[in-house]
Structure formats: structure tokens, C-alpha cells
Amino acid sequence: MTRYEFEQIDKKWQDIWDEKQAFRAEDFSPKPKYFTLVEFPYPSGQGLHIGHPRPYTAMDIISRKKRMQGYNVLFPMGWDAFGLPTENYAIKTKTNPEIITERNINHFREQIKSLGLSFDWSREVNTTDPDYYKWTQWIFLQLYRHGLAYKKEMTVNFCTSCKIVLANEEVVNGRCERCGGEVVHKVKSQWMLKITAYAQRLIDDLADLDFLPRVKTQEINWIGRSEGAEVDFPTSSGDKVTVYTTRPDTIFGATYMVMSPEHALIQKWLDAGLIKNADEVKAYQAEAAKKSDFERTEMVDKEKTGVCLDGVSATDPISGADIPIFISDYVLATYGTGAIMAVPAHDTRDWDFAKKFNLPIIEVIKGGDVEKGAYTDVAEGTLVNSGFLDGMSVAEAKRAIIDKMEEMGIGHSKVNFKLRDWVFSRQRYWGEPVPMVSCEKCGWVPVPEDQLPVRLPPVEHYEPTDDGESPLSKLTDWVNTTCPRCGGPAKRETDTMPNWAGSSWYFLRYCDPHNDKALADPEKLKYWMPVDWYNGGMEHVTLHLLYSRFWAKFLYDIDIVPTKEPYLKRTAHGMILGENGEKMSKSRGNVINPDDIVSQYGADTLRLYEMFIGDFEKSAPWSPDAVRGCKRFLDRTAAMQMLIKGKGSSSKKIESGLHKAIKKVTEDIDSMKFNTAIAALMALENDIYDQGSLTIDEYMTFITLLNPFAPHITEELWADLGGEGLLSLAKWPEYDESKAADEEITYAVQVNGKLRGTVNMPAGIEKDDALAAAKADDRIKGYLDGKTIVKEIFVPGRLISFVVK
RNA sequence: GCGGGUAUGGCGGAAUUGGCAGACGCGCAAGAUUUAGGAUCUUGUGUUUUCACGUGCAGGUUCGAUCCCUGUUACCCGCACCA
């Protein structure tokens, strides 16, 4: 073979690897284990996107190299197959989603297999398989038993287009993350998961993990921890209002209080007739309730609105000052206590509000001009107008005031999180049924574990009902059941789980995918877990990644899994954009189909190009021309065998080049710098062509280094030239520093910081000899003649620099 | 507004304890070969006629700055009234 004959060899080697089960991970092997993970895809009807192979190939390269380095590698693949697009397609075509899913999976599997990825296909999982979702339901029951799943009547985000309830994480700029539809608030009874109970640990345990810094910061910001205090303010009604503040030190500057329009006490005061301007207050409440999330987002930076309560006021418990109470939608009911003390001098939002409503602004921290704007610096400035706090720094005052409040019994320090509990119910068909039964006498009763899985029953219509209930609710035969506790009449839960459920634990199932007694054998989990390296998209950091860490931590707490964190290392890939630099989409007409590239240039070309396209972490535009450059490189690699002469080493230059390449490729794979690893191999190949010959041993090493990137062509060449066994299972080359050393090094010579020439010198040259040689160089001489050398700098292996006067 | 990031030829991108800027690939140009070629091979390719100038912009530190410091501009991503 003198070029990459992909038409003949791609399929051939894929079949051989399959047949020999070359990439099968072995439970309990004495070799060191290595668990590499890619995010399993949602098998959509569109088939594989050109973006999919990028992370898959990257992790395949890492897995293949690890395998060749003697590791027992677990590199699995599966299907995250519950979800809305399938359900919507089912509605449109009146086809069973199960059938659509099977068809899509088969198509995806075939496409993925055509890329020659070294997955252990014997461990394939599918979230929609009852043998799989039995355990998703089982985990839900454990969460329920431990008080971490609860049903709650609450305001939820509802996508008007998908007709589905969304988790907070699924609402983007007030719109549906998936379809962009408008999100409104609805009050519904929902299953919730208490992820907030793990908020602190989800932050703390990041410290020991090898996650990209931006992944860590994004998770930390999303969880949104803040330290402050809760303080009780007495009111003229006799009720106390508790506020949350991160700036208790500024309490002497509190000139009014703001409560969210939804605050329970407002309703109480209205009912008791304490509020004289009740009509105005009610009107404001109604208006606030009407606003969708999108409108509310739009409100940011717009003028503040609100209504002052006439008839109820509050008292500052420290200063004793009487202050008015407002309601305003800039205070959220869902964060803190739903009420704040407003300190306009030192909070921008309060300042805006105070200016609009002509409220007093009292400076309590010196350092700014509070008539011009809020002074919010906490690092500098001292307390003024604050009684016993005067003269203290912000940090000192915080401590002092909290001590005082605790002493008085009116407040205490408090940590709050932005993270909310996870809305876990969906009123849809294509998801795992929530395994709960509602009994008139016993309330919510879990389905006994021996009755799992609660299978999705066949239905005739997949549309959600007009009242927003799941299609399952129409199946009276299925809904009506008996209570597992008392045997009386009961109804099944008709909500299903969100598509994040099955993906929250799939990596565990890979360790033991066919177990029907447990979600996985504890011994196998102990052997394989944690995942050593997990690569995925940045878009999943506050969704899937956080959810699955939560589940893994819970399962660790109840002794199901052996590690407190599921993933040791997390990296993220960039997107592949269209040729025009825009995101690929049908409407833009810039979509590239991976099948076309594979059939036109071969799988190895696609793999190589996606790795060569640019920095793995960044997005990069597709270039059809550059794809051909990669094909050319592979063709030249095959043709290079015509240059083979003899054994051993052909020249010092190629020997050292080869060893440098071993080092470079090995290190670059470990740091995901695939583009420079490939560039190094291309440069070496150019050097070999320049020399005109190489030995069989050198050639074999070269194709071994290339194998993780281009497994088909290198496997074929290896076999052609009499290589033993499969190249994919051969030994990774060892780097030998002594062989990588050059005999001669080109030194750069500078005079007064400017490059004036280069001089070749023996590798081990001493400083004095090097300086003498540089001074003797004709070109350099010209710059030194007639000048005094005031400084001589020698950087071994790199440069010589003269400073002259 | 807050948090994170980026800025280098015609294009994608290289270059780290500060040491030859532009590796590698694409594109382009000339030539060879070919019936032909979106094939292959060879050579050249940052700008400039020269001096010289060049890593978003303006300064600074240094013998020496894409890299460190100060200021500034543009763009991208995430969050967004979280008290």
C-alpha cells in the first residue's frame, strides 16, 4: 500500500478489532486500570454531528496510548436516549418512541463504529432500557428514603412551547434552553431533589480535583455561596421580619426595608386589614406575578418599581430608628429570606431605589461620595455614623455586629447559596416513570424495590394534555393501582424524570453493565472508580456535571459507590464551527456531515483533521482544504515505506528526531495538544523525505506514534511490514534522552539585544569557547569592532548576547 | 453590572522558569510531470525597493518582551436585581 487506501482497509480493521475484542476492558486485571469517559450522546434523528468525533477521537487517542503503555483501559460508550426531540417526533409521526430510539441508536452506532474508536462495545448502555432505568428508579427511591426527594407545590418554570416544566439550570435568559420558547411561571406540585443539601460539599470537594479552572469557577459561581447574617426587624404589626444581608456592618445605614411581593407576611397583613393602601399593594403583586422570566430579565438595569406599605413599618433593632417597608420585585422571594434591609449608601440597587423614591441615604463607611453613587468597597474605608462600630474596618465591624446581634438574640451569621433544589418532575411521556404511588390514606408511598422497574406503558397519544399533565395520566388502568402499604386504592405518579436522570449515574453502570442484582457489583466499582479522565462540553458544567456529582456523592454516603467524587479530571473541548466561522446549523447552510468526510477521505483523515484543526479547547472553523492536507500526510506516510533501507538507525539526525518526536507526542497527548503532536510527526516526515531513506525500525516506530491518531492506516502498514500482532496492542515507544541529543546546536547571537547572526557549535560547548567562537564570526565581528564589551550573556543551548558601548 | 477568557501573516494556528516570532497545515506564486485534474513532485511565500519594521493600542521593567508590570480598546463565553 503506497497511499491510504481507506476504501479497502477501514472496515477491514474495524472488523478485526471487533472479532478479536481488542479493546475489551478486563475486570480485576492486575494491570493498572484507567477509566476514560466521553459524554454519551443523545441519539437524535439527525445522526452524528461533525462535532461529536472531536471529543471522541481525543479520548480515543488518550485511551489507545494508555493501552499501549500497559494500562487496563475502560473506554465505554452508550446512549442517553430519553428526551424531547424523540417524543416530539413520535407525536408528529405517530410512532412509538421506543422504535424511533432503536432506529436512531442503530444509526449512531454504525456511524461511530465507522470512525474506528476503541470503545469496549460489550459494555454499551442505554438509558431507555428497562434493565437500566430500573436502577435509575432505584436511586430515586433511595433519595426519597433519605429525605432528599420530596414533593412540593411550587412556582416552576414552564416552557410554553415544549409544554414542559424546566429546572432552573434549563432556563437561559428567561427562555427554554432547548427550544428558545418563552418561559412562564406556573404553580405545580413537583418532585424535587435536595441538591442544596450538598451545596457546600460540591464546592469544597472541587479543591482536590483536576478540573479545568474555568469549570471549577463556573460551578462555584453557579452554587453561589455567600456569607452574611440573618437579622430580625420588629414591625409595628407585632410580627418580626427576618432579613438576610451580607453587609451586617452597614446596619446603621439601613433607611428602609424591602420585601418581595410574594412574601407571606404581606398576605397576612393584607388579610388582617393592617395595610391602608391595600389596593395599590395588591395591584403591584398582581403585576409582578404576571411577569415572565424573560420580561423580568429584561427589567435589569431598568428603573426600579415598588410600593410603600401604609400602616406597617419596621424598627432597626440596633439603632432603634423607625423605617418604612416597601415591596418591590427587585427582591426575590426565592433567595435568602425574601426580605432585605436597604442600605442605599452602600448597595447600588438600594441606591437606585432610594433616589427614585426620595429616601434618605446615610453614609456609614467613609471612602466614597454617597450622593453620587453607592460606595461598595469592602477592602478599604472605616465605619462612621454607626455608634459603637465607628472607626472599625468593614471586616472588624462585621464580626462585632454579629457578636452583638447574637448577644441580643436578634440575629446570627448565615451562609446562603444561589443553588436551588432540582425540579425533577416532567409532565411528559418519554422518560423514566417516577416510582411512587399516591394513596388516600398513606400519602406518597414508594413502589417496592422488587417491583422495579416501573415500565413505561404503551399509550396511544404522546402529546401532553391541555392541563399540562403527562400523557400517562390518561391511562386509567395503569394509573389506578393498589397501595403497597395498606392495599387500598391508590394512584400511580404520572410524572416522569428529566433527561438528566439517566446520565447522572451511567458511568457507574459501565463498570458492570449487565448486573441484574445491583446497579453494579461493589467490587467492580471499587476496581474501576473513579473515572480517571472525563471530557465533555462546557454547556454541561452547571447541568449534567453538577447533577452527577451530586448523585455520586449521595451514593457514596449510602455506601453504594467507593469514592466521594466520580471524576478525577475534567477537560472540555471547543466547538467545530462552519466554514464561515458561525455555528453549524441547517438554516445557515454550513453543516458538514461526518459520513461524507469518511467516505471521501477515510476515517483516519477525519480523525487526524479534527485533532489538527486547532487548540482542542477552543472552537475552530471547518476548512475543507485543510482536510485534504491531512489526507496528503497520510498518503505520504504510506508512500514513505518505499524509502525503507536496512535496519537499526539510518542517521543521527533521524534517530534524534524520532526520539524528540516520542517525547513530544507522548507529552502532547497527555496535555491534549493534539495539533502540535501531529505537527511534530509531519515535520519529522518532511525530514525523512529530505534525507531520502530510513530503516524499517525507524518506520515502525513512526507508525506506532501515529497509531492512536490514525489507527486504520498504521495497523495496515504494520501488518504489511511483518509487525507482530495488532499494532493497537503493541508497546508504546520509550523515549531515550541520550538518543535525542543533537551533536550540533545553532546559537543565536545578539548584540545589544538585536539578533545579528547565528553560529553552529558542538552540543556540549562551554561558555568561554562559545563566546570566542561567536566573536570570531565574521558577521558578528563587524558589530563588535571598535566597541567595548560591557556584558556577555550565555544561555546554554540557545543564545549568546553581547552588550557593547 | 459581576465572573472567566481571547487578541500573532491572506486563513487555522506554533513559540513558557523572558532567549532566532510565524513551527505544522491551508491558501497563493513559479516550475516539473500529466490527455486531463480539486492528482503528484520541486522551489518560494510576514511587511518593505533599501535602511528597517513587525505579536490589538499606549507606556514601563530588561542586554533581550508574543511572554512580566501599568493603563486602554475590541471581541467571545458564563451568570445576571442572589441583598
Side-chain angles (χ1 to χ4, degrees), chain A residues 3 172-174 212-222 224-226 228 243-248 250 258 260 296-297 299-302 304 328-332 334-343 346-350 352-353 376 416-420 538-539 541-542 574-575 577 579 581 608-609 612-615 617-630 632-633 635-636 639 673 675-686 689 746-758 789-804:
Chain A
R3 63 170 193 90
V172 176
N173 289 332
L212 287 181
R214 59 195 167 118
V215 172
K216 284 192 187 183
T217 33
Q218 208 170 304
E219 290 219 335
I220 290 168
N221 290 345
W222 183 261
R225 183 183 195 275
S226 74
V243 304
Y244 175 71
T245 176
T246 55
R247 299 294 305 277
T250 62
V258 188
S260 99
R296 197 134 168 181
T297 307
M299 295 301 293
V300 179
D301 295 333
K302 291 213 179 127
K304 300 262 184 294
S328 173
D329 63 3
Y330 89 87
V331 171
L332 307 176
T334 48
Y335 183 77
T337 60
I340 61 158
M341 63 176 208
V343 184
H346 306 288
D347 181 283
T348 314
R349 296 150 302 177
D350 297 344
D352 291 344
F353 192 87
T376 56
N416 262 328
F417 296 95
K418 287 189 212 172
L419 186 70
R420 307 293 153 76
M538 280 308 287
E539 70 276 18
V541 167
T542 53
M575 228 189 316
L577 305 171
E579 232 182 301
L608 198 72
Y609 175 60
F612 189 62
I613 193 167
D615 185 340
E617 283 188 28
K618 298 201 187 101
S619 49
W622 184 264
S623 159
D625 288 325
V627 176
R628 268 179 245 120
C630 289
R632 200 169 297 147
F633 167 69
D635 285 340
R636 274 160 58 86
K673 291 160 83 178
N675 52 340
T676 49
I678 293 166
L681 289 172
M682 287 173 167
L684 177 59
E685 184 164 291
N686 291 343
Y689 268 99
T746 305
Y747 275 80
V749 183
Q750 295 182 347
V751 179
N752 284 348
K754 287 210 160 75
L755 181 72
R756 294 305 185 190
T758 59
I789 297 175
V790 293
K791 199 169 178 187
E792 294 173 333
I793 294 148
F794 175 69
V795 181
R798 292 204 175 265
L799 110 167
I800 291 156
S801 181
F802 296 110
V803 184
V804 301

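Letters go in sequence order (proteins before strands), and every chain restarts at 1.
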Check the distance between [N]'s [atom2] and [X]'s [atom1] and give it to me in whole angstrom.
| X | N | atom1 | atom2 | answer |
| --- | --- | --- | --- | --- |
| A:M682 | B:G12 | CE | P | 17 Å |
| A:K618 | B:C77 | NZ | P | 15 Å |
| A:K216 | B:C77 | NZ | C1' | 20 Å |
| A:L799 | B:U17 | CG | C1' | 15 Å |
| A:N686 | B:G25 | CG | C1' | 10 Å |
| A:L332 | B:A80 | CG | P | 11 Å |
| A:R628 | B:G37 | CZ | P | 16 Å |
| A:R636 | B:G25 | CZ | C1' | 12 Å |

Using atom [atom1] in both nucleotides, what's the gap between [N] and [M] to the nearest angstrom?
| N | M | atom1 | value |
| --- | --- | --- | --- |
| B:G1 | B:A80 | C1' | 8 Å |
| B:G18 | B:A65 | P | 14 Å |
| B:U66 | B:A58 | P | 14 Å |
| B:A29 | B:A36 | C1' | 22 Å |
| B:A15 | B:A32 | P | 39 Å |
| B:C28 | B:C11 | P | 15 Å |
| B:G56 | B:U6 | C1' | 11 Å |
| B:U48 | B:C53 | C1' | 8 Å |

Proximity to the side chain of [X] - top-ranked nucleotide from [options]:
| X | options | answer |
| --- | --- | --- |
| A:W222 | B:A80, B:C20, B:A83 | B:A80 |
| A:F612 | B:G12, B:C26, B:C63 | B:G12 |
| A:A679 | B:A83, B:G19, B:A23 | B:A23 |
| A:S801 | B:A15, B:A83, B:C63 | B:C63 |
| A:T676 | B:C20, B:A14, B:G12 | B:A14 |

Name the nucleic acid region contacted by [X], choosing base, sugar-phosphate or nothing; use a 4.0 angstrom heavy-atom cut-off, strictly under.
| X | result |
| --- | --- |
| A:D615 | sugar-phosphate |
| A:T246 | sugar-phosphate |
| A:I793 | base |
| A:S619 | sugar-phosphate |

- Message: Please report the interatomic distance CD(A:Q750) to CD1(A:I793), rounded to the nearest 0.5 Å.
- Response: 8.0 Å
- Pairing string, 5' to 3', for RNA chain B - Watson-Crick or wobble contacts under 3.5 Å, brackets [ ] where pairs cross, | to another strand: (((((((..(((......[....)))((((((.......))))))((....))..(((((..]....))))))))))))....
- For the student: nearest non-hydrogen atoms of A:E617 and A:R214, plus distance: OE1-NH2, 3.2 Å
- For A:P621 and A:Y609, the nearest pair of non-hydrogen atoms, with its separation, is O-OH, 3.9 Å
- Query: Is any side-chain heavy atom of A:F612 less than 4.5 Å from a side-chain heavy atom of A:M682?
  - Reply: yes
- Message: Does any part of the side chain of A:V803, heavy atoms only, come nearer than 4.5 Å to the side chain of A:N752, both counted from C-beta?
- Response: yes
Side-chain N or O of [X] less than 4.0 angstrom from OP1 or OP2 on [N]?
| X | N | value |
| --- | --- | --- |
| A:N675 | B:A14 | yes |
| A:Y330 | B:A83 | no |
| A:R632 | B:C26 | yes |
| A:S226 | B:A83 | yes |

Exercise answer: donor-acceptor pairs, residues 334-343 of chain A side-chain atoms, under 3.5 Å, sequence neighbours excluded:
residue : atom : partner : partner atom : Å
A:T334  : OG1  : A:R420  : NH1          : 3.1
A:Y335  : OH   : A:S226  : OG           : 3.0
A:T337  : OG1  : A:T242  : O            : 2.7
A:T337  : OG1  : A:Y244  : N            : 3.4
A:T337  : OG1  : A:A339  : N            : 3.4
A:T337  : OG1  : A:A339  : O            : 3.2

- Per nearest nucleotide of RNA chain B, the residue lying toward the 5' end, A:G629 or A:R214, is A:R214
- Want to settle it: does A:I340 or A:N221 sit nearer the 5' end of RNA chain B, counting the closest nucleotide to each? A:N221
- Distance-only, no hydrogens or angles: does the A:Y747 side chain make a donor-acceptor pair with backbone N or O of A:V795 under 3.5 Å? no
- Message: When you measure from the side chain of A:Y689 to the backbone of A:R636, do you find a donor-acceptor pair of N or O atoms at a distance under 3.5 Å?
- Response: yes
- Query: Charged N to carboxylate O below 4.0 Å: is that the case for A:D635 and A:R632?
  - Reply: no
- Message: Just confirming the chi classification of B:G9, syn or anti, using 90° around 0 as the syn window.
- Response: syn
- Query: Would you say the base of B:G3 and the side-chain of A:Q218 have a donor-acceptor pair closer than 3.5 Å?
  - Reply: no
- Message: I'd like to know if A:K304 reaches the base of B:C81 with its side chain, counting only an N/O donor and acceptor under 3.5 Å.
- Response: yes
- Criterion side-chain contact (heavy atoms from CB on, under 4.5 Å) on A:D350 and A:Y330, from CA distance to verdict: CA-CA 9 Å; A:D350 297 344; A:Y330 89 87; 2.7 Å; yes
